[in-house]
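The analysis underlying the following values was restricted to heavy atoms, covering all of them including side chains, and did not include hydrogens, waters or symmetry mates. Predicted, not measured: the structure shown is a model, and the values here were computed from it.
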Amino acid sequence: MPDSRSDTPSTDGTEGRSTSADESSAVTIAYIAESAGVSVPTVSKVLNGRSGVSDETRARIEELIHRYGYRKPPKNRSKLVELVFRELESMWAVEIIRGVERVARKNKVGVLVSEFGLQDTPVRTIDDTVERRPQCVLSVARLSERERDRLTAKGIPFVVFDPSEELPDDVPFVGATNWRGGQAATRHLTGLGHRRIAMISGPDHPFCLARLAGYTSALTEAGLPVEPDLVVKTLLTREDGRTAARELLARTDRPTAVFTANDMQAMGVYQAARELGLRIPQDLSVVGFDDVPAVAWADPPLTTVHQPLAEMAAAATELALALGRGEDVPQSGVEIATTLTVRESTAPPKA
């Protein structure tokens, strides 16, 4: 948003006048962006001499920067990486923090963990982050457009970790190969001989949709039909996994295997199977996704797609720190490979 104070420069006939130091300091990168009719990240690219901006747009932005005497904020950032969670109750948190700490220690910077909450972030929360002026921000799952613009305007680089929504092309992120993970899980089940394979999917987040697409691809590859009644979309919780599994397993033509969008749903499938008197893997094979540490201790230990959370967090931190140093990075979007971890929850179906 533009600065609404009365001393903010105007575009109506002011091209010829000079700008005082006080006035130039009032001009924000967001004001430059609005005046040029472009996004804040586009102005940031011009300020940092990066590619991806047309010559005409670059010239227009540079003219506005010169006209208003805009100066980049001083680089007096604290030696901190701020790691932002929407909720800290996730079983992912420890692995993510471990990966961030590893890279931060190597780079001699500290780590500050913040929790923004699940609802829209209050202005004071992102303002608190800006006031601390960390070297960079690493946000787990999402960072709203307003938050991204606020950080960019203050020259604080950021990376989104495992994004839960589609991002503009110029927003840096680190994720996992979700499509390949879904494909590998389903290929494992078809390779064991299963022909009725259900999937308990999640909300329409990009990573859930990618895992579902991998599932359907592997079924098609195996010459099996994709049956809509074998796919249930629900929330990524144990209780919702249990409810979906009870619906699937109560059918007379019940599936012989279930692939879930995450490990918590898989634990719900375990509970539903026990309640219905079904044994895993003798009566039902189950594959999860994430490989959180607890599932290796389940009874039986869960076959799941390993998402390398610590490695992903380390890569995201390296990327964020490189952006903080003003380095040109070869790519701002990185996907780390998933692998299938086979344990004791899968077996060939009964004859």
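To the nearest 0.5 Å, the span separating OG on S345 from CD1 on I280 amounts to 7.0 Å. Here the CD-CG distance, from E62 to L64, works out to 10.5 Å after rounding to the nearest 0.5 Å. The OG1 atom of T177 sits 8.5 Å away from the CD atom of Q307 when rounded to the nearest 0.5 Å. From L138, atom CG reaches atom CD1 of I96 across 8.0 Å, with rounding to the nearest 0.5 Å. For the atom pair CD of E221 and OG1 of T216, the computed distance is 11.0 Å after rounding to the nearest 0.5 Å. Atom CZ of F259 sits about 11.0 Å away from atom CD1 of I200, to the nearest 0.5 Å.
Of all heavy-atom pairs spanning C136 and I156, the tightest one is CA-CG2, 4.3 Å. The shortest heavy-atom contact between H194 and A347 is NE2-O, 2.7 Å. Nearest heavy atoms, R279 versus K350: NH2-NZ, 3.6 Å. What you find for S201 and Q265 is that their closest heavy atoms are O-NE2, 3.3 Å. Across all non-hydrogen atoms, the minimal contact from V174 to M312 is CG1-O, 3.5 Å. Of all the heavy atoms in L323 and P172, the pair that sits closest is CD1-CG, 3.8 Å.
Looking only at side-chain heavy atoms (C-beta outward), T42 and I61 come within less than 4.5 Å of each other. For the pair E165/P163, no side-chain contact is recorded, criterion being any heavy-atom separation below 4.5 Å from C-beta on. Considering only heavy atoms from C-beta on, R195 stays 4.5 Å or farther from T256 through its side chain. In this structure, Y270 and L302 have side chains that are in contact, with non-hydrogen atoms separated by less than 4.5 Å. The shortest distance between side-chain heavy atoms of L248 and R251 falls below 4.5 Å. Contact annotation: the side chain of I197 never approaches that of L230 to less than 4.5 Å [non-hydrogen atoms, C-beta and beyond]. With a 4.5 Å cut-off on side-chain heavy atoms, V305 and D290 do not count as touching. A heavy-atom distance below 4.5 Å is not found between the side chains of L112 and L83.
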#### Entry: Steps toward salt bridge (charged side-chain N to carboxylate O under 4.0 Å, His left out) verdict (E318, K106)
CA-CA 10 Å; E318 293 276 17; K106 184 179 70 175; 2.6 Å; yes
### Message
For a side chain to side chain contact (heavy atoms under 4.5 Å, CB included) check, start with the C-alpha distance between F85 and I97, then their side-chain angles and the critical distance, and finish with the verdict.
### Response
CA-CA 10 Å; F85 287 91; I97 292 171; 4.1 Å; yes
### Query
Could you walk me through whether E63 and R60 pass the salt bridge (charged side-chain N to carboxylate O under 4.0 Å, His left out) check?
CA-CA 5 Å; E63 193 276 327; R60 185 164 73 251; over 6 Å; no
### Query
R196 and V258: side chain to side chain contact (heavy atoms under 4.5 Å, CB included), yes or no, with the steps?
CA-CA 9 Å; R196 283 188 61 75; V258 178; over 6 Å; no
### Message
side chain to side chain contact (heavy atoms under 4.5 Å, CB included) for V137 and E147? Distances and angles first, verdict last.
### Response
CA-CA 11 Å; V137 170; E147 291 166 346; over 6 Å; no
### Task
Check the pair V160, L167 against side chain to side chain contact (heavy atoms under 4.5 Å, CB included), reporting the backbone distance first and the verdict last.
CA-CA 9 Å; V160 181; L167 295 170; 4.1 Å; yes
### Query
Could you walk me through whether E101 and R98 pass the salt bridge (charged side-chain N to carboxylate O under 4.0 Å, His left out) check?
CA-CA 5 Å; E101 284 277 8; R98 182 178 292 125; over 6 Å; no
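At distances below 3.5 Å, not a single donor-acceptor pair connects side-chain atoms of T57 with backbone N or O atoms of V53. Within the 3.5 Å criterion, the main-chain N or O of E239 finds a donor-acceptor partner in the side chain of T243. A donor-acceptor pair under 3.5 Å is formed between the side chain of N262 and the backbone N or O of L236.
The side-chain contact (heavy atoms from CB on, under 4.5 Å) test with T303 singles out one residue from V287, L189, V295, and that residue is V287. The residue from T341, D263, T338, D291 that alone fulfils the side-chain hydrogen bond (donor to acceptor under 3.5 Å, both in side chains) condition with T304 is D263.
Under a hydrophobic clustering in which Ile, Leu, Val, Met, Phe, Trp and Tyr are joined whenever their side-chain heavy atoms come within less than 4.5 Å, directly or via other members, L340 and F207 fall into different clusters. Put simply, L278 and M267 are part of the same group of oily side chains (I, L, V, M, F, W, Y) that touch within less than 4.5 Å, one to the next. Linking ILVMFWY residues whenever their side-chain heavy atoms come closer than 4.5 Å, directly or via other members, leaves W179 and Y215 in distinct clusters. When hydrophobic clusters are built by joining Ile, Leu, Val, Met, Phe, Trp and Tyr residues whose side-chain heavy atoms come closer than 4.5 Å, directly or via intermediates, L224 is not grouped with L192. No single ILVMFWY cluster, assembled from side-chain heavy atoms under 4.5 Å apart, contains both L209 and M199.
For the pair R211 and F289, the cation-pi criterion (under 6.0 Å, within 45° of the ring axis) is fulfilled.
By the 6.0 Å contact criterion, CG on D55 is open, its count of non-hydrogen atoms from other residues, nucleotides or ligands being 12 or less. By the neighbour-count criterion of 12 heavy atoms within 6.0 Å, atom CZ of R180 is sparsely surrounded, having that number or fewer from other residues, nucleotides or ligands. Taking a 6.0 Å sphere around CD of Q282, one finds it holds more than 12 heavy atoms contributed by other residues, nucleotides or ligands. Within 6.0 Å of the CD atom in E145, the count of heavy atoms belonging to other residues, nucleotides or ligands does not exceed 12.
Between the side chains of D240 and T237, a donor-acceptor pair is found at a separation under 3.5 Å. No hydrogens or angles considered: a donor-acceptor pair under 3.5 Å links the side chains of R238 and Q271. When only modelled atom types and interatomic distance are considered, S217 and T220 share no side-chain donor-acceptor pair under 3.5 Å.
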